[in-house]
Amino acid sequence: MLLARLSHVLPKRSTCLLFRSSINGPGLWKSTMQSTRGRSFNSLKNKSVLPTRPNFRRNFAEDSQNRNRSHLEQRTKGPSLKDRLMGPPSENAYSMGKGAAAGAALMGLVALCYYGLGLSQQPSLYDHSVMWPHYVRDRIHATYAYFGASCALTAASAVGVFQSEALLSLIMSSGWIATLVTLGLVMGTGALTQAIEYEPGFGVKQLAWALHCGVLGAVIAPMCFMGGPILVRALLYTGGIVGALSTVAACAPSDKFLHIGGPLAIGLGIVFASSLASMWLPPTTAIGAGLASLSLYGGLILFSGFLLYDTQRIVKAAEMHPQHSAYKYDPINHAMAIYMDALNIFIRIAIILSNGDQRKK
């Protein structure tokens, strides 16, 4: 029926061919469909595949450029300043502090040789001691006697507190309240001792002085965990430093180190600030290690300078204080100055020796 309808539309030859193709098989339909599919496939191929090749190459080039650009930015940018400061410290975090301490020790040795051999053209403090009256000598002897007694009382208090578990646990208790109470006791007993007027013999000022030394001994009692060998070495090194610096101060001109009080006060503020900052920034970070190095080695250099300054200040006060005065010369207050210098030097040397032994292990 379909062929009859098509015969009216198509020419006669076309109808015969179509009739034959339907009898003989689907050859014409097959070829027609194949040609149609081929044209459609080629058109799709020409439209979809061939035009996408340039786009694919361009996208690949852009991706490679973006990767190269990001890699270059990562190499040039590097870690930020915050990452470096809060990152782990390097192996040479304390190298600058050690170098500064070594330089200060070399300067002290040169000063000892220079003033000890009498190369300075000005008269030294030792030269002036020949003309001292007896009361000046007695004042200086009393000052250094209280200094030695302060060291002995502090050591005895530290050993006694270390052997008592209750007192040791009380001293080692952490927290802001315990820290403030300890700081208040140290500063309060020190201020009380200096405020009381000195009288010869054993009186109220001597009791306050002994209490202050006992409190300081209790505060440093946990250092006994470092072990006897380290503390003995630290004590010997501290004695050598105090003796050498006292000799330098005695062999130098009488007012040579009296002019460094201002720079020492500025340095004390810096070291105190770095010590407080170390409470929030642990030494496991780069900035914390730098602050710890400043507090440790900078404090060692600073209190060595204070020892030179306080030694000559004691001698100057003993010389200039009137013999007959309403206020007597106070050897306890002057002894506490060099006592605190020596104590700070001892603590820092013990910490340095303890850190060195831990690195060896």
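Index from 1, following the sequence. No hydrogens, no waters, no symmetry mates; every other heavy atom, side chains included, goes into these values. Fair warning: this is a prediction, and the values are worked out from it, not measured in the lab.
- L268 approaches L302 most closely through the heavy-atom pair CA-CD2, 3.4 Å.
- Between M187 atom CE and L183 atom CG the span is 5.5 Å, to the nearest 0.5 Å.
- With T189 contributing its side chain and V186 its backbone, the two residues share a donor-acceptor pair below 3.5 Å.
- With values rounded to the nearest 0.5 angstrom, H141 atom NE2 is found 13.0 Å from H134 atom NE2.
- Proximity of L216 to M340: side-chain heavy atoms (C-beta onward) are separated by under 4.5 Å at one or more points.
- Without hydrogens or angle criteria, S246 side chain to G243 main chain gives no donor-acceptor distance under 3.5 Å.
- Connection of L264 to M336 is not established within any shared hydrophobic cluster, with ILVMFWY side chains joined at heavy-atom distances below 4.5 Å, either directly or through further cluster members.
- Between Y146 and H334, the distance separating the two ring centers is not shorter than 6.0 angstrom.
- V232 belongs to a hydrophobic cluster with L236, counting contacts under 4.5 Å between side-chain heavy atoms of Ile, Leu, Val, Met, Phe, Trp and Tyr, direct or through other members.
- Taking each heavy atom of Q312 and A252 in turn, the nearest pair found is NE2-CB, 3.9 Å.
- A side-chain N or O of W209 and one of S150 form a donor-acceptor pair less than 3.5 Å apart.
- To the nearest 0.5 Å, atoms CZ (F346) and CG (L300) are separated by 13.0 Å.
- Residue pairs meeting the side chain to side chain donor-acceptor pair (under 3.5 Å) criterion with at least one partner in residues 264-273, sequence neighbours excluded, are absent.
- Rounded to the nearest 0.5 Å, atoms CD1 (I230) and SG (C224) are 12.0 Å apart.
- R139 places no side-chain N or O within 3.5 Å of a backbone atom of E319 that could act as its donor or acceptor partner.
- Through ILVMFWY side-chain contacts below 4.5 Å, M107 is grouped with nothing and stands alone.
- For L307 against T311, the heavy-atom pair with the smallest separation is O-OG1, 2.6 Å.
- Under the rule for a ring pair (Phe, Tyr, Trp, His ring centres under 6.0 Å), Y198 has no partner lying at least two apart in sequence or in another chain.
- The backbone N or O of G214 sits less than 3.5 Å from a side-chain atom of S157, completing a donor-acceptor pair.
- V271 and L308 fall within the same hydrophobic cluster, defined by Ile, Leu, Val, Met, Phe, Trp and Tyr side-chain heavy atoms under 4.5 Å apart, directly or through other members.
- How far CG of N333 is from OG1 of T143: 10.0 Å, rounded to the nearest 0.5 Å.
- For F162, the ring pair (Phe, Tyr, Trp, His ring centres under 6.0 Å) partners at least two apart in sequence or on another chain are F225.
- Using a cutoff of 4.0 Å between basic side-chain nitrogens and carboxylate oxygens, E199 and K205 are not scored as salt-bridged.
- Hydrophobic cluster of F202: the remaining members, joined at side-chain heavy-atom separations below 4.5 Å, are L207, listed by chain and number.
- Cluster annotation: I338 is connected to I241 through the hydrophobic network of ILVMFWY side chains, with a link wherever side-chain heavy atoms come within less than 4.5 Å.
- Remark: I352 CD1 to Y237 OH distance equals 11.5 Å, nearest 0.5 Å.
- Aromatic ring pairs are classed by plane angle as parallel below 30°, tilted from 30° to 60° and perpendicular above 60°; the pair Y144 and F147 is perpendicular.
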